[in-house]
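Below is one structure, written out as structure tokens; comments come after it.
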Amino acid sequence: MVPQPNSVSLTTPTVSWPHAPTHKLSESGTYFVTASTYLKQHLFRSSRRLGVLHRGLLSLASQYGWQLEAWAVFSNHYHFVGHSPTADEDAKSLSPMLKELHSKTAEWVNKEDNSPSREVWHNFWDKKLTYAGSYMARLNYTHKNPVKHGLVSNAALYPFCSAAWFERTATRAQVKTIYSQKVDNIKVLDDFDAVWDQE
């Protein structure tokens, strides 16, 4: 039998919808996570609101057993680098942790604005970090993210990120190593502007 040249499969390829990313959390490990408000609205722009979101993230991460190594919280999004719970074989607790964070902060901010049915959060994106270089570059990226967004000239001056904590608790050599990592080539979903209304 002669093979048919140029035969093409007519089956439709499976394509992931970009606004509903597939979360592959079947393995424990270290993850880089980004979450966004709906339509990138600046619902957490004041220091008070940023403080609520910031404390909520750190508190729930601790409750769920996630060890965060870097984080940055903004008016319409946040990033963090975290290790899944050591007792778990997977990272599936990430989804319920963020669902609880988003539910509680949405209810709170909507009560503040008298907008009970407003959609607050859009989705989150996660990436498992499997290479040391990628991991360290994302630590640097996250610590310094307030500078990228033009909110401060030195990330340690932004109270809703991990830079000041990192510089205070890590060794000088660790800080130098992480802060020297190049971030130009990493792919990060971060097409956000950010605002900070300092009262």
Side-chain angles (χ1 to χ4, degrees), residues 16-23 30-58 60-61 66 68-82 94-95 97-110 112-113 115 118-129 134-166 178-179 181-199:
S16 296
W17 181 246
H19 297 297
T22 303
H23 302 297
T30 303
Y31 286 80
F32 177 75
V33 176
T34 298
S36 167
T37 59
Y38 181 66
L39 300 177
K40 302 178 184 177
Q41 298 174 89
H42 298 286
L43 301 178
F44 297 91
R45 63 189 300 149
S46 71
S47 292
R48 180 169 169 264
R49 291 184 178 199
L50 284 165
V52 168
L53 180 55
H54 183 227
R55 287 188 302 274
L57 172 62
L58 298 184
L60 283 170
W66 279 76
L68 302 192
E69 287 202 0
W71 60 88
V73 174
F74 302 106
S75 55
N76 61 357
H77 72 290
Y78 62 82
H79 307 286
F80 69 80
V81 176
L94 180 63
S95 292
M97 178 179 85
L98 297 187
K99 182 177 181 181
E100 184 173 351
L101 174 66
H102 294 172
S103 174
K104 287 182 174 179
T105 55
E107 183 180 358
W108 180 83
V109 78
N110 280 348
E112 286 275 300
D113 293 341
S115 302
R118 177 178 59 187
E119 187 169 354
V120 173
W121 291 101
H122 177 55
N123 213 325
F124 75 91
W125 297 262
D126 58 87
K127 177 177 179 56
K128 186 175 182 195
L129 305 178
S134 175
Y135 161 65
M136 291 194 294
R138 280 172 175 79
L139 287 176
N140 186 24
Y141 183 90
T142 305
H143 289 312
K144 294 183 179 176
N145 209 233
V147 176
K148 174 196 180 292
H149 288 297
L151 300 176
V152 288
S153 58
N154 180 334
L157 300 175
Y158 187 70
F160 313 106
C161 80
S162 53
W165 165 82
F166 173 60
I178 296 301
Y179 281 177
Q181 299 300 308
K182 294 188 177 184
V183 299
D184 302 345
N185 295 327
I186 62 172
K187 293 180 181 177
V188 176
L189 178 69
D190 198 358
D191 58 342
F192 303 96
D193 58 345
V195 295
W196 177 25
D197 295 343
Q198 302 178 54
E199 296 90 21

Grab the two heavy atoms, one from [X] and one from [Y], that are nearest each other, plus how far apart they are.
| X | Y | answer |
| --- | --- | --- |
| H77 | A194 | CE1-CB, 4.4 Å |
| S36 | W121 | O-CE3, 3.4 Å |
| N76 | K40 | ND2-O, 3.0 Å |
| Q181 | N140 | O-ND2, 2.7 Å |
| L129 | V81 | CD1-CG1, 4.2 Å |
| A164 | A156 | CB-O, 3.6 Å |

Gap separating the [atom1] atom of [X] from the [atom2] atom of [Y], nearest 0.5 angstrom:
| X | Y | atom1 | atom2 | answer |
| --- | --- | --- | --- | --- |
| L60 | E100 | CG | CD | 4.5 Å |
| L151 | Q198 | CG | CD | 8.5 Å |
| S134 | L139 | OG | CG | 9.5 Å |
| T37 | L53 | OG1 | CG | 10.0 Å |
| W71 | L57 | CH2 | CG | 8.5 Å |
| M136 | I186 | CE | CD1 | 12.0 Å |

Could you check whether any side-chain N or O of [X] sits under 3.5 Å from a backbone N or O of [Y], counting only pairs where one atom can act as donor and the other as acceptor?
| X | Y | value |
| --- | --- | --- |
| S103 | L101 | no |
| S75 | V195 | yes |
| N110 | R118 | yes |

Checking H42, H149, H54 against F74 for ring-ring contact (aromatic ring centres under 6.0 Å, His included), the one that qualifies is H149
Neighbour count above 12 (heavy atom, 6.0 Å) for E107 CD | no
Does the side-chain contact (heavy atoms from CB on, under 4.5 Å) test come out yes or no for Y31 and W66, once each step is laid out?
-> CA-CA 10 Å; Y31 286 80; W66 279 76; 4.0 Å; yes
Quick one: are [X] and [Y] in side-chain contact, heavy atoms under 4.5 Å?
| X | Y | answer |
| --- | --- | --- |
| F124 | L94 | yes |
| T34 | D190 | no |
| H102 | V120 | no |
| N145 | H79 | yes |
| L98 | Y78 | yes |

Should the pair R49 and F44 be classed as cation-pi, given the thresholds of under 6.0 Å to the six-membered ring centre and 45° from the axis?
->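 No, R49 does not sit over the ring of F44.
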Mark yes or no: K127 above the aromatic ring of F32, with NZ or CZ under 6.0 Å from the six-membered ring centre and no more than 45 degrees from the axis.
->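 No.
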How far apart are the C-alpha atoms of W196 and L50, what are their side-chain angles, what is the distance that settles it, and do they pass the side-chain contact (heavy atoms from CB on, under 4.5 Å) test?
-> CA-CA 8 Å; W196 177 25; L50 284 165; 3.5 Å; yes
Step-by-step salt bridge (charged side-chain N to carboxylate O under 4.0 Å, His left out) determination, R138 to E69 | CA-CA 10 Å; R138 280 172 175 79; E69 287 202 0; over 6 Å; no
What's the verdict on side-chain contact (heavy atoms from CB on, under 4.5 Å) for Y141 and V188, showing C-alpha distance, side-chain angles and the deciding distance?
-> CA-CA 9 Å; Y141 183 90; V188 176; 3.6 Å; yes
Across all chains, not counting sequence neighbours, the side-chain hydrogen bond (donor to acceptor under 3.5 Å, both in side chains) partners of N185 are none
With sequence neighbours left out, write down each residue that passes ring pair (Phe, Tyr, Trp, His ring centres under 6.0 Å) with Y179, or none if nothing qualifies.
->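 Residues passing ring pair (Phe, Tyr, Trp, His ring centres under 6.0 Å) with Y179: F166.
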Which residue pairs pass the side chain to side chain donor-acceptor pair (under 3.5 Å) test with at least one member in residues 152-162, sequence neighbours excluded?
-> H143-S162
Report the C-alpha distance between V52 and W108 in whole Å, list the side-chain angles of each, state the deciding distance to 0.1 Å, and finish with yes or no for side-chain contact (heavy atoms from CB on, under 4.5 Å).
-> CA-CA 9 Å; V52 168; W108 180 83; 3.6 Å; yes
